[in-house]
Amino acid sequence: MSEAAQPKRISRGGMIDRARALSFRFDDRDYTGYAGDTLASALLANGIRRVGRSFKYHRSRGVLTAGPEEPNALVELRTGDRREPNTRATVTELFAGLEARSQNRWPSLALDLGAVSSCFSPLFVAGFYYKTFMWPKSFWEKLYEPAIRRAAGLGRASGQPDPDGYEKSFGFCDVLVIGAGPAGLAAALAAARRGARVVLCEEDFLLGGRLNAERCSIDGSDAVDWVRRVEAELASFADVRILRRTSVFGLYDGTAGSHSASGTRTFGAVERVSDHLQQPPQFQPRQRLWKIVARRAVLAAGAVERTIAFGGNDRPGIMLASAVRSYVNRFAVLPGRRVAVFTSTDDGWKAAFDLSEAGASVEALIDARGEPPASLIEQLRATGARLYAGSRVVEGHGSAGLSGVTIMDSQARRTRLRVDALAVSGGWNPNLALATHTGSKPRWSERIHAFVPDVLPGGLAVAGAARGALTLREALSEGAEAGAAAAEQLGFSGAAGEQWRADEEASEVAPLWFVGESRGKAFVDFQHDVTHEDVALAAREGFRSVEHLKRYTTLGMATDQGRTSALNAHAIMSALTGRSIAELGTPGARPPCTPVAIGAFAGPHRGRHFRPTRRTAGHGWAQEQGATFIEAGDWLRAQWFAQPGESDWQATVDREVKAVRTRVGLCDVSTLGKVDIQGRDAAKFLDRVYSNVFSTLPVGKVRYGLMLREDGFVLDDGTSAHLSPDHYVMSTTTANAQRVLQHLEHARQLLWPDLDVRLASVTEQWAQYAIAGPESRRLLEQALGDALSVSNQAFPYLACAEFRWQGVPARLFRISFSGELAYELAVPAQYGDAAVRAIAAAGASLGVVPYGLESLNVMRIEKGHLTGNELNGTTTAADLGMGRLMSTRKDFIGRVLAQRPGLTDPRRPALVGVRPIDPYSPVRSGAHFLSMGEPPTLENDQGYVTSAAFSPMLNSWIALGLLSRGRERLGERIRIHDPVRSGTDVEVEVVAPVFFDPAGERLVT
Amino acid sequence: MRIPCPYCGERDVSEFAYLGDAGYVRPDPDTADAPRRYVEAVYLRDNPAGPHEELWFHSQGCRQWLQVRRDTRTHEILGLRVAGPTADPEAG
Amino acid sequence: MSHATLIPRSALAGLTFHSASRPNVLAWDLPPVSLASVVSRRGPVAELRRRALAELGVALPEGPRRVSAGFISLVGIGPGAWLAIADRLDADFHIRIGRTLGPCASVADQSGAHALLRLSGAQIRSTLGKLLPIDLYPRAFAVGAAATTAAAQIPVHLWRLEDGTGGHPVFEIAVPRSLAVSFWHALTESAAEFGFALNP
Amino acid sequence: MRYSIFTLARQAFSGHRRWSEAWRDAEPRPGYDVVVIGGGGHGLATAYYLARNHGVSRIAVLERGWIGSGNAGRNTTIIRSNYLLAGNNPFYEWSLRLWEGLEQDLNYNTMVSQRGVLNLCHTDAQRDAFARRGNAMRMHGVDAELLDPEQIRQMLPLLDFDNARFPIRGGLLQRRGGTARHDAVVWGFARAASALGVDVIQNCEVTGFVRQGERICGVQTTRGTIHADRIGMAVAGSTSRVGQLAGLRLPIESHVLQAFVSEAIKPLIHGVVTFGAGHFYISQSDKGGLVFGGDIDGYNSYAQRGNLPTVEDVCEGGMALMPALGRVRMLRSWGGVMDMTMDGSPIIDRTPVEGLYLNGGWCYGGFKATPASGWCFAHLLARGESHELARAYRLDRFASGHLLSEKGQGPQPNLH
């Protein structure tokens, strides 16, 4: 690549691969960068300073930082369904074919805040919208708000399904090290050498942290070589895992609490597996969410340099000094030709040295301090830069890009310098967010004028700059100590001896937050356009606590969380209110400490795999029969079996119901919960968990049972079969299977541990089929042959038996949900497919039909049997006409509280049936009951329809419902009110809640 | 959050189902003041800010009910035992 | 009179996946065997242990471990609860165990309740790491260890056998039959990047 | 000072130097007619309506930290009145009516935005339950529409209609539902109350109660003892703790509810949408952030923070409903401590202790209730009797069995 193509690229040095030129697009223009670039470094190399517009005033903005704390250089990365808004150019690895666009550039037409901001910006002070847009009333939602909504926001989401995959993985380790700068590398190596199982996470794609951005040496040689040596040694340990491109975003609970040292903690991390590629390779996710369980952790996340608030401190070309050094040293990019440095720290001077070394003309070094260290002054001579001690930059000029700065020296003389880049160094804020996630508060340090970790979460140590130890020497020693200590606390002790030597560094910091003599807007939140004036206004209006300041001005709420500038605002507020920064309050951080894609948290659980799907053993057979499946909890169940020529599902269901009622039908009921109950006290146990009596149930018999919660309301219903002495099998509804089992285990383990009874779920074990209809007995005779006699005498209603069918253990129950002569045949699930085919074959000559949930529902409504619609958690046994099942002869769960006045009130809605006077007027579940002539008000509400269906047997719509004083109102005409679905009410007659074969003769014949 | 199950070992909270206050004792239903005592047992809670004795069911593991002592301000697990007046023979 | 005969069917029958040429994750769909849940009754388990040892020749494992002896292996799945696994499909398995352990234990047939898979390969731990919330690190989950947990939201029993050829760890996993298809999807998705093969 | 575009313009010319404090930062006085404990939305609204509707003159609101630092500033700002039960529906509908006039009433733009609240259903039973609820709403004159999948597709093409594990089968839409700016609600009530003479006292934590025989006649605070004829508690999240100071044992558990906000993006989602087959709901703020949440973590907590499994569960729901969210980044999360009652409904009632009144147990539905809660609690404090809209919110309903449970899950808060 020729220099012309990348005008700002330094001809030598840097950690880029000049042999691998990469072409990319920005705002529809083609550019070239190198492997090892970030998008930001590549743009700067190509001489691009303006990369975006600010949120409120639409001011031109350029690259401020070289890291994840970037507030300005946000772009829309990629296109189409892979478009990612608000992507930080400073951490986006350059790849061939990368496409990016600047954001928020052309505001919407409706209300162009961008356009008006220049003249109306005085109006757009903090919280202006709370004080206006109130008149006229209707205009807020019709005009003002839509305009604000269009103008707000930054980038555009793709709006299309994310085409890439995400993964989750659990990770376990003894010591987790967060950050692979000097401190992190030292910590990881120290722990690894002692034999601990180590995970090292680094956000960057290179290990080394600041060492990649600075010219410094360890043990006399280039620090970068040291990094490679450590990296190689770490890689040689089997129990060390290095996760690059991985951000640890959250600290969560383990067994340890906020402060205790022992126990574990859970860390959330996201690994950007494929973000540095145009798209993920086959079988690779875009990102992977790590849930890392660690016994100890070392936080070595470094520190973020902060800006200084002065007029026009947001001009493109004004950069943090540390970023300047990154671009010069790591990326071989010269941010400017004529440059100046504005600092209140020793560290800032290094930018001048590096810039000069790289060939820039350093015009001036402006140090707010009156007497900077002599050593630095000495070193500065070589650069030829002019020193302005005790001086401040009061204004940055150049709206499209920095063209100059005005400085005010110690004698208050103003001088204007022509520069195209300014490096700013206002001090360092330790990256301690993780240390505060579980509620620990940091403390204020008067040494570095920043918040540093104080009381730490148990098991977490902090090392290096993250602790406020800003020199390389401290980072190395603290890292090594922290890593060693973590391992030794866990009982590891191995070869120690990490001793690394680094040069002395001047690292004094003097606080300089805001230049009082500023001209123009001085920004304390670049992305949200919060200025020093907004802070002053907040103080004036009483929003003085840190949280009020934040919420009123939106300070620090943008994507960068104000990492480079929010503390300046706190300092300004403390000056205005005469309280120390610490007194203002310490804003604790909450996860995630870096923005994380929602897709990563979801992982593979999306689309059809959002939740696992349960299929019965007969699923394949049902598919062959043309079943339409429906979700029933986690299960898929056959809803109906349509046949060619059937006009709609209603026709299908009518056919199925008639076939069952006149011949015989076959239905898969395997999804019902089944609990195996064994023990000498099994009967006693059942007596206590059911409201009705089971201890009188003889072997070989089944009984319907009602189960209450302790609060007296119905929990579930089902049957229990007495298979053999001390052995029962209970059935529950499909929906409540898990909750009932938990309820039973609670009763067994906690309420009555003295009972000899044991429970085992056998839901998965038994495939179970209902065979219902007048011909069901004949079908079974053909299917079972002499395996079991099913004559009415040998196997009467509510009989049950265990037997062998072709050598296979099988169970038969004579129970009926449809109200027909019916049986349920159960076989171990691995035989379920064969069994349903055998049953179907045996019934072929009898015209057996498979029927689904919908027909089952019609038939159970015809019989007034209950489902979840009636057992909705607010009904009592009496409401459902089952008062007789509330035994008075024994104790049972729910007995006492069921007697409360609110549950025994005679005005409570009771289960009734209703039939429309016009049989073809549809009645729908969810419709409300009203007395004739009463207006539809809540006061007049008489109850509602719980279940409804068209009955092909009665050739009429029928319904069950809960009607106030229902039992006293049989024969009364009321009306059904269903405004959300129908404009006209339907007149119905209240009848008993059983429409078909009320005497139940079909069950017993 | 992670719970050290006495049978399975330390497991992620997502394997457990929470019930609440372990102080619940089912009152004798046959005393005169049973209604009042049931209302208090079923509905009222100490709800302390600090150490809390509570019931967790290891539904995705050994299916034991566990009584956990946990600080509701810090989520620290302070202690744990198999729930119920008498523990299962093999537990712990 | 029906002549259809009852033959068992694998829960994984007919499932598809991407088969790699050089697989690092291997799975075997084990032929059907009989299983039963064994739960000790109220009171001391000493008698139960004695009978298990005397009649079945196995020392009931304490805690989540797997022991094997002759035709039977037992996996601890809870306090006083085990999953008994026969070496073949035997309709009388649970009955015989029930008789031998008599009133000391409740025994229930679970032969149809699980799909049994054997898993191995160079990358099996990385694969299972994506599915299981437990630590399968060699020291943490040694040969003979067992666990009851959830794999990608699916409840499973897992245990580790002796290492196989190439020194790769070998696991067996019991998945609820109704969830076998969902588990299969999660397993093959997680293994795909390493290369996956069934019954190699 | 009255807020308007004109005041703003005038102020602009003077460089915004003449704005006065939004509310007086008052010093505690020795005694008041009514002391309201809790400077959140409910407490400040109570004070405002006490002064405005009932002419009570000597009122103080005591806030432990800074106003709005509790759940008022830790919610997802949704307002709606789509309730089923006769004990709830009229109360929440009155609340929504008050929201609709709040800007003008308070002379503060609380950014009430009625962009609609849509509950999605994924089974026939759910749809029927929605129909029942929608019908109940209509019978009280509340707007409610039952939508079919096609209508929803028109409204929100973003949703997953074709590849969903639990397909969308319909939805219940309340067009008048929407959102409001939570902090503005707190500041607006504080400013309006302060203008009516209410003392808003920050950094004043109640540490005990002053008793006169069986009666409570004051509070001890970190800023001294303050006497009052009547004392109202509106301390969501701390109800059990403050109640304990008065010897109360309540049908309440404290649970943490997490909420999340994404980076700001251009308008993507218009109204509020809730997923019916998982725990997820979402809306987009005027600033552009997607504000979303799900279920409570499910264990007792006062920590104001939750754990990762809940975050995953919420985002799984989000991706299942809106696969386009995948590349949108979560920016921040927070946790609020919910007073979960045993039937999922609130309590506005006198307590067994004379002189002490309770407003609490809002579970995760407190924000939308703010105006009506203040309205009815003020009525109770001023008149000594329950407001007709809050009659069902009695403390003795658990003993009598007149429970107010929309979901019917029983006395287990983490199932509500």
Side-chain angles (χ1 to χ4, degrees), chain A residues 84-86 122-123 125 129-134 145 148-149 152-157 159-162 252-253 268 537 540-542 545 548 551 559 590-591 595-599 601-602 605-608 610-611 631 709 711 872-874 900-903 925-926 928 936-938 944 979-980, chain D residues 3-5 8 12 16 19 21-22 25 66 69 86 103 108-109 113 125 128 131-132 134-135 138-140 144 146 163 165-166 183-184 263-268 286-288 307-308 311-312 315-316 318-320 323-331 333-334 400-402 405 408-411:
Chain A
E84 295 153 33
N86 311 334
L123 288 181
V125 291
Y129 32 79
Y130 298 132
K131 297 170 180 165
T132 177
F133 299 136
M134 286 176 280
E145 194 197 28
I148 289 176
R149 286 177 77 83
L154 292 161
R156 302 159 301 154
Q160 303 170 52
D162 188 345
Y252 300 91
D253 296 309
L537 177 61
R540 212 168 290 132
E541 295 193 90
S545 83
H548 276 162
R551 290 158 181 268
T559 63
R590 299 183 296 263
V596 177
I598 290 170
F601 284 110
H605 304 290
R606 53 189 278 199
R608 296 204 182 283
F610 165 55
R611 293 291 177 254
E631 300 75 25
R709 297 186 308 234
D711 69 354
N872 62 13
T874 62
R900 286 177 291 172
L903 282 74
S925 172
H928 284 240
T937 64
L938 279 184
Y944 72 103
V980 295
Chain D
Y3 287 164
S4 74
I5 183 69
L8 191 66
H16 297 281
W19 288 110
E21 285 189 328
D25 198 5
W66 37 276
S69 55
E103 274 101 1
Y108 203 91
N109 188 353
S113 175
D128 294 343
R132 179 188 171 200
N135 286 330
R138 294 277 281 268
M139 287 165 74
H140 188 60
L146 199 65
N163 189 41
R165 169 76 173 81
F166 299 103
D183 293 324
E263 295 180 343
I265 52 176
K266 293 294 181 190
L268 185 72
D286 285 350
K287 280 212 298 290
N307 274 291
L308 207 42
V311 185
E312 296 174 73
C315 292
E316 286 165 9
M319 281 297 278
L325 294 183
R327 300 174 106 82
V328 177
R329 297 185 202 89
M330 177 193 295
L331 177 61
S333 71
W334 62 91
S400 70
H402 295 93
S405 177
Q409 287 291 10

Can you say whether [X] sits under 4.5 Å from chain D via the side chain, the backbone, both, or neither, judging by heavy atoms?
{"X": "A:Arg551", "answer": "both"}
{"X": "A:Gln160", "answer": "backbone"}
{"X": "A:Thr559", "answer": "both"}
{"X": "A:Leu537", "answer": "side chain"}
{"X": "A:Asp711", "answer": "side chain"}

Under a 4.5 Å cutoff for heavy-atom pairs, which residue among [options] has the most contacts with chain A?
{"options": "D:Ala264, D:Gly288, D:Ala320", "result": "D:Ala264"}
{"options": "D:Gly318, D:Ala125, D:Pro411, D:Ala144", "result": "D:Pro411"}
{"options": "D:Ile5, D:Asp286, D:Leu146, D:Leu325", "result": "D:Asp286"}
{"options": "D:Gly410, D:Ser69, D:Ser333", "result": "D:Ser333"}

Is there a donor-acceptor contact under 3.5 Å from the side chain of [X] to the main chain of [Y]?
{"X": "D:Asn109", "Y": "A:Thr132", "value": "yes"}
{"X": "D:Arg165", "Y": "A:Arg611", "value": "yes"}
{"X": "A:Lys131", "Y": "D:Tyr108", "value": "no"}
{"X": "D:Asn163", "Y": "A:Gly607", "value": "no"}

Mind checking the [atom1]-[atom2] spacing from [X] to [Y]? Nearest 0.5 Å is all I need.
{"X": "A:Glu84", "Y": "D:Ile265", "atom1": "CD", "atom2": "CD1", "answer": "13.0 Å"}
{"X": "D:Arg327", "Y": "A:Asp162", "atom1": "CZ", "atom2": "CG", "answer": "4.5 Å"}
{"X": "D:Trp19", "Y": "A:Arg540", "atom1": "CH2", "atom2": "CZ", "answer": "11.0 Å"}

On the ring face of A:Tyr944, is D:Arg132 found with NZ or CZ under 6.0 Å from the centre and within 45° of the axis?
-> yes
Please name the pair of heavy atoms, one in [X] and one in [Y], separated by the smallest distance, quoted to 0.1 Å.
{"X": "D:Glu263", "Y": "A:Asn86", "result": "OE1-CB, 3.1 Å"}
{"X": "D:Leu331", "Y": "A:Pro595", "result": "CD1-CG, 3.9 Å"}
{"X": "D:Gly326", "Y": "A:Ala597", "result": "O-CB, 3.4 Å"}
{"X": "D:Glu316", "Y": "A:Ala602", "result": "CG-O, 3.5 Å"}
{"X": "A:Ile598", "Y": "D:Met330", "result": "CG1-N, 4.2 Å"}

Check whether any side-chain heavy atom of D:Phe166 lies under 4.5 Å from a side-chain heavy atom of A:Phe610, and answer yes or no.
-> yes
So do D:Arg138 and A:Val980 actually touch side chain to side chain, heavy atoms under 4.5 Å?
-> yes
A:Phe601: partners by ring pair (Phe, Tyr, Trp, His ring centres under 6.0 Å), with sequence neighbours left out = A:Phe249
Heavy-atom distances under 4.5 Å only: say whether D:Leu308 touches chain A with side chain, backbone, both or neither.
-> both
